[in-house]
Chemist: 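Handing you a structure now.
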Amino acid sequence: NAGVTQTPKFQVLKTGQSMTLQCAQDMNHNSMYWYRQDPGMGLRLIYYSASEGTTDKGEVPNGYNVSRLNKREFSLRLESAAPSQTSVYFCASSEVWYYTQYFGPGTRLTVL
Amino acid sequence: GQQVMQIPQYQHVQEGEDFTTYCNSSTTLSNIQWYKQRPGGHPVFLIQLVKSGEVKKQKRLTFQFGEAKKNSSLHITATQTTDVGTYFCAGDAGGTSYGKLTFGQGTILTVHP
């Protein structure tokens with residue numbers, strides 16, 4: 001039982017490049033989330049998916065898109081990376097949207 | 001939008017001293033959760049408080065939810081070096097915001113042996 005897994009662990013991009021961050025959970029959870037963490041800012045919700053087939057914007061959605069591929073997988077795409085998107089990205093899942101969230105190990109992204 | 005403020009931002013203590021972090025929300029919360037993040041790690045759930053005035057204990061950790069459900073605190077008695085990390089509160093405003101947690105900035109705890 002791996003819990004929540006994220007790939008890649010580290011990534012360096014140049015401004016304007018695109019990439020997709022992958023997240024998968026094996027706990028049969030219905031809800032999944034993407035956060036970014038910046039120093040002194042806590043965690044800020046980018047997008048979430050309350051259940052398979054639905055997605056909704058969080059606090060800071062601009063510059064990102066998401067896909068809930070199936071119940072297990074929730075990906076985050078940066079279409080045209082900007083230096084302001086340098087951050088640590090965490091994926092999380094919960095059984096339902098009002099329960100405890102379980103976080104993945106994070107992806108450390110640097111945009112030059 | 002909803003804001004969750006957490007103080008202090010940093011706390012340095014000697015091992016054995018007590019530690020408290022406070023969390024205040026701009027809006028009434030349906031529930032509040034606390035998470036701990038070790039250096040270089042990911043947030044790990046500690047507890048969820050739902051009821052007004054609720055107090056829960058986990059060994060040396062005591063969590064409180066205010067009567068108005070707008071503030072919360074985490075108190076650690078007799079800190080140990082294993083308590084090092086960042087402690088986050090996260091509020092859920094409920095209603096149409098159900099499940100959308102707003103995190104405080106976190107309190108970074110350093111424990112000197």
Side-chain angles (χ1 to χ4, degrees), chain A residues 2-7 9-10 21 23 25 27 29-52 54-62 66 68 74 87-108, chain B residues 1-11 21-27 29-51 56 58 63 72 74 85-108:
Chain A
V4 180
T5 56
Q6 292 183 237
T7 55
K9 287 187 169 55
F10 301 92
L21 282 64
C23 174
Q25 51 90 9
M27 297 176 282
H29 284 173
N30 290 293
S31 302
M32 298 185 74
Y33 313 82
W34 276 105
Y35 293 91
R36 61 177 289 173
Q37 184 175 33
D38 303 293
M41 300 285 288
L43 291 101
R44 291 182 292 170
L45 183 64
I46 304 171
Y47 270 94
Y48 74 105
S49 172
S51 60
E52 186 179 357
T54 69
T55 61
D56 204 352
K57 295 178 180 179
E59 182 184 354
V60 288
N62 291 344
V66 291
R68 183 75 183 265
F74 190 37
S87 189
V88 180
Y89 291 85
F90 288 102
C91 177
S93 72
S94 62
E95 188 174 344
V96 290
W97 37 258
Y98 48 85
Y99 278 9
T100 307
Q101 294 187 16
Y102 294 86
F103 285 79
T107 294
R108 283 147 180 80
Chain B
Q2 179 190 8
Q3 291 187 334
V4 176
M5 304 299 292
Q6 199 173 343
I7 56 169
Q9 189 173 357
Y10 303 94
Q11 185 75 58
T21 175
Y22 300 91
C23 185
N24 290 287
S25 170
S26 58
T27 59
L29 302 171
S30 66
N31 71 83
I32 194 159
Q33 301 178 25
W34 285 90
Y35 291 79
K36 176 183 178 181
Q37 184 178 25
R38 294 184 186 275
H42 60 275
V44 174
F45 173 80
L46 293 176
I47 208 157
Q48 182 183 47
L49 304 171
V50 179
K51 299 177 183 176
K56 287 188 175 180
Q58 289 180 349
F63 304 85
S72 182
L74 158 60
T86 303
Y87 292 84
F88 292 100
C89 61
D92 184 342
T96 56
S97 299
Y98 248 135
K100 293 170 69 172
L101 294 178
T102 300
F103 280 78
Q105 305 97 312
T107 295
I108 300 172

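These values consider heavy atoms only, across backbone and side chains, with no hydrogens, waters or symmetry-generated copies. Throughout, protein chains are lettered first and strands after them, A, B, ... in sequence-line order, and every chain is numbered starting at 1.
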Chemist: Quick one: CG on Leu101(B) to OH on Tyr35(A), what's the gap to the nearest 0.5 Å?
Modeler: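 Output value for this atom pair is 4.5 Å.
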
Chemist: Chain B heavy atoms under 4.5 Å from Arg44(A): which part of the residue, side chain, backbone, both or neither?
Modeler: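 Nothing of Arg44(A), per the 4.5 Å heavy-atom cut-off to chain B.
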
Chemist: Just wondering, more than 12 heavy atoms not from Tyr22(B) lying within 6.0 Å of its OH?
Modeler: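 No, the 6.0 Å shell around OH holds no more than 12 heavy atoms from other groups.
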
Chemist: Would you say CZ of Phe103(A) has more than 12 non-hydrogen atoms from neighbouring residues, nucleotides or ligands within 6.0 angstrom?
Modeler: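 Yes, enclosed.
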
Chemist: Would one find more than 12 heavy atoms of other residues, nucleotides or ligands at under 6.0 Å from atom CE of Met27(A)?
Modeler: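 Correct, the count exceeds 12.
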
Chemist: Distance check, rounded to the nearest 0.5 Å: Tyr48(A) atom OH versus Lys100(B) atom NZ?
Modeler: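 It comes to 4.5 Å.
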
Chemist: Any idea which heavy atoms bring Phe90(A) and Gly41(B) closest together, and the distance?
Modeler: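 Phe90(A) and Gly41(B) have their closest heavy atoms at CZ-O, 3.7 Å.
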
Chemist: CG of Asp92(B) to CD of Gln101(A): how many Å apart, nearest 0.5 Å?
Modeler: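 If we round to the nearest 0.5 Å, Asp92(B):CG and Gln101(A):CD are 9.0 Å apart.
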
Chemist: As an exercise, state the distance from CD1 of Ile47(B) to OG1 of Thr100(A), rounded to the nearest 0.5 Å.
Modeler: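 Taking CD1 in Ile47(B) and OG1 in Thr100(A), the distance rounds to 10.0 Å.
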
Chemist: Gln37(B) versus chain A, heavy atoms under 4.5 Å apart: side chain, backbone, both or neither?
Modeler: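 When you check distances to chain A, only side chain atoms of Gln37(B) fall under 4.5 Å.
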
